[in-house]
Amino acid sequence: MQKVIQFLNENPVQYLATIGRDGKAKCRPFMFAGEKVGKLWFCTNNTKDVYQDMLANPYIEISVSSPAYAWIRLHGTAVFEDNHEVKEMCLQNPIVKGQYQTADNPIFTVFYLADAQAVIADFSGNPPQEFTL
């Protein structure tokens, strides 16, 4: 798990893909919030389309590449949880803090990836590294 966390932290703007409620693929920039109790956490605004898309179909994939041309593909099931401690962790990011101000903001929601699996690969010809989280 540490390699996955390190990769996400070193490449802070990832891309989250969902299946939209219209049945079409949607991809948008996202940020990894951190790890807590063995889970990878993210946050969003519960008035956004991405939130509604994940409620309708919680299977998502996140991807990002590094400046060294390595990349990660991380997929799992988005599980929303009203977790004050995780919200406080998310608020350590100034961008998140600027959007939501407090953990009690009613539009501020957090989710983790259940049954997460990740692959880190590059163009070296070496086999990809696979992780079950």
Quick one, Glu61 with Leu74, criterion side chain to side chain contact (heavy atoms under 4.5 Å, CB included). Give me CA distance, side-chain angles, the key distance, then yes/no. CA-CA 6 Å; Glu61 185 161 86; Leu74 170 66; 6.0 Å; no
Candidate pair Trp71 and Tyr15, rule ring-ring contact (aromatic ring centres under 6.0 Å, His included), full reasoning: CA-CA 11 Å; Trp71 62 89; Tyr15 293 90; over 10 Å; no
Does the side chain to side chain contact (heavy atoms under 4.5 Å, CB included) test come out yes or no for Thr109 and Asp82, once each step is laid out? CA-CA 7 Å; Thr109 189; Asp82 187 20; over 6 Å; no
Walk me through it: do Glu88 and His84 pass the test side chain to side chain contact (heavy atoms under 4.5 Å, CB included)? CA-CA 6 Å; Glu88 290 293 344; His84 191 80; 3.3 Å; yes
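Ring centroids of Phe42 and Phe32 are separated by less than 6.0 Å, placing the two rings close together.
The two residues Pro29 and Val13 have their closest heavy-atom pair at CB-CG1, 3.9 Å.
When hydrophobic side chains of Ile, Leu, Val, Met, Phe, Trp and Tyr are connected at separations under 4.5 Å, Met89 ends up clustered with Trp41, Val79, Val86, Leu91, Val96, Tyr100, Ile107, Phe108, Val110, Tyr112.
Between Phe80 and Tyr51, the two ring planes are perpendicular [angle over 60°; tilted spans 30° to 60°].
Remark: Thr77 OG1 to Tyr59 OH distance equals 5.0 Å, nearest 0.5 Å. A distance of 11.5 Å separates CG in Asn93 from NZ in Lys97, rounded to the nearest 0.5 Å.
Taking a cutoff of 4.0 Å between a charged side-chain nitrogen and a carboxylate oxygen, Lys24 and Asp53 do not qualify as a salt bridge. Between Arg21 and Asp49, at least one side-chain nitrogen of the basic residue sits less than 4.0 Å from a carboxylate oxygen of the acidic one, meeting the salt-bridge criterion.
Enclosure of atom CD in Glu85 is not indicated, since only 12 or fewer non-hydrogen atoms of other residues, nucleotides or ligands lie within 6.0 angstrom. Residue Asp115 qualifies as open at atom CG: its count of foreign heavy atoms under 6.0 Å is 12 or below.
Residues Gln2 and Gln6 bring no donor and acceptor atom of their side chains to less than 3.5 Å of each other. Judged purely by distance below 3.5 Å, without hydrogens or angles, the side chains of Asn83 and Glu81 pair a donor atom with an acceptor atom. Using modelled atom types and a 3.5 Å distance limit, the side chains of Thr102 and Asp104 yield no donor-acceptor pair.
The shortest distance between side-chain heavy atoms of Leu133 and Leu113 does not fall below 4.5 Å.
A donor-acceptor distance shorter than 3.5 angstrom exists from the side chain of Asn46 to the backbone of Pro106, with no hydrogens or angles considered. At distances below 3.5 Å, at least one donor-acceptor pair connects side-chain atoms of Ser63 with backbone N or O atoms of Ile72. When atom types are taken as modelled, the side chain of Ser66 and the backbone of Ala70 share a donor-acceptor pair closer than 3.5 angstrom.
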